[in-house]
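Below: the structure, in structure tokens.
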Amino acid sequence: MGKPKLPLELSPGVALGSMALRVLLASGLGRIFAVVRPDDPLHWLQEIRNDPRYATQLHIVVCEEASLGMSYSIRAGVDAALSSLPESDAVVIGLGDQPFVTAAMVRRLLAVMEDNPMLDYAASSVEGIVMPPAVIRQSMFPSLRGLRGDMGARKLFSSAEYAGEIIAYGGEEADLLLDVDDEQSLRVAERRYRRNRDRR
């Protein structure tokens, strides 16, 4: 988009990144490592950082190479998780620009992994395109850390080396996986947020 996405507001006081982060915090996960760019002033998550409920759960990870591609942010997050919790057997990857993902969607992925201990991953998809949120087991950590450039984990999901389960979303559910990547998708997200708010 040519500008930082996470501080963009869908409505006054409602930042794109804060919506996604709140969902992860409410999903029953342990520690959350929010990977940010070095030039991010972090205004969009200040309220969350100041909330005592998340004092021990939320950790900010500054990725100096974030501008070089998604793989660097993934590696920074995985490294931070393993440094803090060396015994971690899995990580959840979520995107700060997916504001409508729900905690139930994340918990569903976690349940799939818990019920199927032989799986290496569980991920989401829309129209055959695999995407976060995703749960990735320890067996994939070396490959995850070995990604380069603007390459996300999608390449690994198509590898015969790993076994996984894909949860496919269609219809209105697919809209929950909207990824805000450009001005057009931002406008869509703004309209969807207003519509959801007005329904409450």
Side-chain angles (χ1 to χ4, degrees), residues 1-2 5-6 8 10 16-17 19-24 26-29 32 35 66 68-78 81 89-193 195-196:
M1 293 182 69
K5 290 188 286 185
L6 301 186
L8 296 176
L10 301 186
L16 183 66
M19 289 184 64
L21 182 55
R22 287 183 186 280
V23 164
L24 292 174
S27 297
L29 303 174
I32 305 293
V35 181
L68 300 178
M70 186 184 297
S71 66
Y72 292 89
S73 295
I74 290 175
R75 191 180 312 123
V78 171
D89 62 353
V91 295
V92 174
I93 294 181
L95 299 181
D97 54 7
Q98 283 183 316
F100 302 112
V101 167
T102 67
M105 295 166 75
V106 177
R107 287 194 290 265
R108 183 178 177 186
L109 291 166
L110 293 170
V112 166
M113 295 295 281
E114 185 174 349
D115 293 343
N116 301 275
M118 299 306 292
L119 291 180
D120 296 299
Y121 68 88
S124 313
S125 78
V126 173
E127 296 181 349
I129 300 175
V130 183
M131 62 185 69
V135 183
I136 298 178
R137 214 181 291 280
Q138 186 180 38
S139 55
M140 294 180 68
F141 286 178
S143 295
L144 198 59
R145 296 186 68 256
L147 294 171
R148 292 291 181 267
D150 202 24
M151 184 183 298
R154 187 177 302 163
K155 177 184 177 182
L156 303 181
F157 298 149
S158 62
S159 170
E161 184 178 350
Y162 300 113
E165 182 167 325
I166 305 297
I167 298 177
Y169 291 90
E172 289 189 3
E173 280 193 324
D175 293 341
L176 298 174
L177 288 165
L178 173 70
D179 189 344
V180 177
D181 274 336
D182 52 33
E183 293 292 341
Q184 181 178 355
S185 55
L186 177 61
R187 300 286 91 78
V188 171
E190 290 170 344
R191 290 194 297 272
R192 189 167 298 159
Y193 175 82
R195 186 170 66 245
N196 292 345

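In this text, all values refer to a predicted model and were calculated from it rather than measured experimentally. The first residue of the sequence shown is numbered 1, and numbering continues consecutively from there.
Here NZ of Lys5 is found 8.5 Å from CG of Asp182. Values are rounded to the nearest 0.5 Å.
Looking at residues two or more places apart in sequence or on another chain, you find no salt bridge (charged side-chain N to carboxylate O under 4.0 Å, His left out) involving Asp120. Residues passing the ring pair (Phe, Tyr, Trp, His ring centres under 6.0 Å) test with Phe100, sequence neighbours excluded: none. Arg187 pairs by the side chain to side chain donor-acceptor pair (under 3.5 Å) definition with Glu183, Glu190, not counting sequence neighbours. Under the side chain to side chain contact (heavy atoms under 4.5 Å, CB included) criterion, Glu165 pairs with Val112, Asn116, Leu119, not counting sequence neighbours. Every residue meeting the side chain to side chain contact (heavy atoms under 4.5 Å, CB included) condition with Arg22, not counting sequence neighbours, appears here in chain and number order: Glu47, Ile48.
Listed by first and then second residue, the ring pair (Phe, Tyr, Trp, His ring centres under 6.0 Å) pairs that reach into residues 113-163 are Tyr121-Phe157, sequence neighbours excluded. Counting only residues at least two apart or in different chains, side chain to side chain donor-acceptor pair (under 3.5 Å) contacts with residues 150-160 are absent. For residues 101-110, the set of pairs meeting the salt bridge (Lys or Arg N to Asp or Glu O under 4.0 Å) definition, not counting sequence neighbours, is empty. For residues 133-142, no residue pair satisfies the salt bridge (Lys or Arg N to Asp or Glu O under 4.0 Å) rule, not counting sequence neighbours. Residue pairs meeting the side chain to side chain donor-acceptor pair (under 3.5 Å) criterion with at least one member in residues 122-135: none, sequence neighbours excluded.
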Under 3.5 Å, side-chain donor or acceptor atoms of residues 167-175 against the rest of the protein: list the pairs with distances, not counting sequence neighbours.
none

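With Ile136 as reference, Ile93 is the one residue of Val92, Leu156, Ile93 to meet the side chain to side chain contact (heavy atoms under 4.5 Å, CB included) rule.
With Ser71 contributing its side chain and Gly149 its backbone, the two residues share a donor-acceptor pair below 3.5 Å.
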